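Notes follow the structure.
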Number of protein chains: 2
Amino acid sequence: MTLLPPTPPAAAPHTKRRTVAELSHDFRLANGRLARRVRQEQAENELTGGQFSALGAVFRLGPMTLSALSEEERVTPPSMNRTVNALVQAGLVDRAGSAEDGRKVILTVTPAGLALVKETRRRRDDWIAKRILRLTPEQRQVLAAATDIMKELTDS
Amino acid sequence: MTLLPPTPPAAAPHTKRRTVAELSHDFRLANGRLARRVRQEQAENELTGGQFSALGAVFRLGPMTLSALSEEERVTPPSMNRTVNALVQAGLVDRAGSAEDGRKVILTVTPAGLALVKETRRRRDDWIAKRILRLTPEQRQVLAAATDIMKELTDS
DNA sequence: TATTGTTATACTCTATAACTATA
DNA sequence: TATAGTTATAGAGTATAACAATA
């Protein structure tokens, strides 16, 4: 099965012809390698991957219970409890009992946690922004269009 | 800083305008989420992430020593030694002494390891291929062009 | 009784330090 | 001596099972 129309669109005239199978393979590898490379930028952070991911979830979703967070992060409550202990001890997350339901605890991001999330997010964006600045406007346009398509792929 | 020329290219006319900063952030997130989603397809595999990654490296690079593999995978020799032990015990990798240098061991992928790598690779490709098949030819062309740009970003 | 969170315990993966065999 | 690999041991992160507190 061929992929491209006889005359390729103007946005990327030099792209080689690929079958869907070839495109799937090449695109998947390029996506995975780039994601891995971006994630390496996190290594400078003092938090582990799981800790930063949990902190980011509380930041993104707002105050939430331990169970909700453990479900969101796909780990068991005891595992998340340990992760949260580390975040609380580091002063990045606040753990408070719920007023309505005494069994629950409410987790919120502290100002220090907020600052760490923002600083890390900025550093990761910077890494890729520095490279995107070197691209041509046409290449940036391709990435912008690809971004929307990738969201579609992820959600479908 | 604006990103798009006054008249957007034909390949993706509906893409919204973004600054480089916005594009960097959106693209990074879309890339990371898609990679994570693809990686979830691996969960059906009986190997851990590190084990499959090491197996894939030996498959990709051919017979190699333990040190070379540990450097390639960015882990210490003792850590890789344990990973390799698991792969050898599972019959996926063969460990043999080097003829030239008695200190070295040469790791090779067994036929069973080869089959596992190919089967897993096919399954992951299939997941994304199924979704790429639903795209328009223009969208596929964008992904093809984006693939080349993403390689450039990773390597630069 | 059911739910929420925590503690006890174990297993895996990673690391550093120390050891063995070979160059 | 230096290098390649292995073993010993420890720390971090995950899990299941058992427990405590509350609804």
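Quantities reported herein were computed from a predicted structural model and do not represent experimental measurements. We name chains A, B, ... by the order of the sequence lines, and we start the count at 1 in each one.
Taking only side-chain nitrogens and oxygens, Thr48(A) never comes nearer than 4.0 Å to OP1 or OP2 of dT14(C).
The backbone N or O of Ile128(B) sits nowhere less than 3.5 Å from a side-chain atom of Arg28(A) that would complete a donor-acceptor pair.
Between Arg60(B) and Glu72(B) there is a side-chain heavy-atom pair separated by less than 4.5 Å. Here the side chains of Arg95(A) and Asn81(A) are in contact, with some heavy-atom distance below 4.5 Å. In this structure the side chain of Leu23(B) never reaches within 4.5 angstrom of the side chain of Thr19(B), judged on heavy atoms.
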Name every donor-acceptor pair, under 3.5 Å, that has one atom in a side chain of residues 30-37 of chain B and the other anywhere in the protein, sequence neighbours excluded.
| residue | atom | partner | partner atom | Å |
| --- | --- | --- | --- | --- |
| Asn31(B) | OD1 | Ala35(A) | N | 3.3 |
| Arg37(B) | NH1 | Gln40(B) | OE1 | 3.4 |
| Arg37(B) | NH1 | Glu41(B) | OE2 | 3.3 |

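Counting heavy-atom neighbours within 6.0 Å of Arg134(B) CZ, excluding the residue itself, gives a total above 12.
Within residues 60-72 of chain A, the residues that place at least one heavy atom under 4.0 Å from DNA chain C are, in residue-number order, Thr65(A), Leu66(A), Ser67(A). Looking at residues 94-107 of chain B, you'll see Glu100(B), Asp101(B), Gly102(B), Arg103(B) sit with a heavy atom under 4.0 Å from some atom of DNA chain C.
If you measure from atom CG of Leu87(A) to atom C1' of dG13(D), you get 13 Å, rounded to the nearest angstrom. Nucleotide dA15(C) holds its C1' atom 13 Å from the CE atom of Met80(B), rounded to whole Å. Here the C1' atom of nucleotide dT9(C) and the CG atom of Asn81(A) are 15 Å apart, to the nearest Å. Going from atom CG of Leu47(A) over to atom P of dG13(D) covers 10 Å, rounded to whole Å. Distance CG (Asn85(B)) to C1' (dT12(C)): 14 Å, rounded to an integer number of Å. Separating the CZ atom of Arg82(B) from the P atom of dA15(C) is a distance of 12 Å, rounded to the nearest angstrom.
Using a 4.0 Å heavy-atom cutoff across all strands shown, Gln51(A) reaches sugar-phosphate atoms only and no base atom.
If you find the closest nucleotide of DNA chain C to Val75(B) and to Pro78(A), the one lying nearer the 5' end belongs to Pro78(A).
Residue Asp126(A) forms a salt bridge (charged side-chain N to carboxylate O under 4.0 Å, His left out) with just one option from Lys130(A), Arg123(A), Arg124(A), Arg122(A), and that option is Arg122(A).
Closest to the side chain of Ser79(B), out of dA12(D), dT7(C), dT14(C), is dT14(C).
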Ser79(B) vs Thr76(B), side-chain hydrogen bond (donor to acceptor under 3.5 Å, both in side chains): CA-CA, chis, key distance, verdict: CA-CA 5 Å; Ser79(B) 294; Thr76(B) 59; 3.1 Å; yes
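When all heavy atoms are compared, the tightest approach of Val58(A) to Met64(A) is CA-SD, 4.0 Å.
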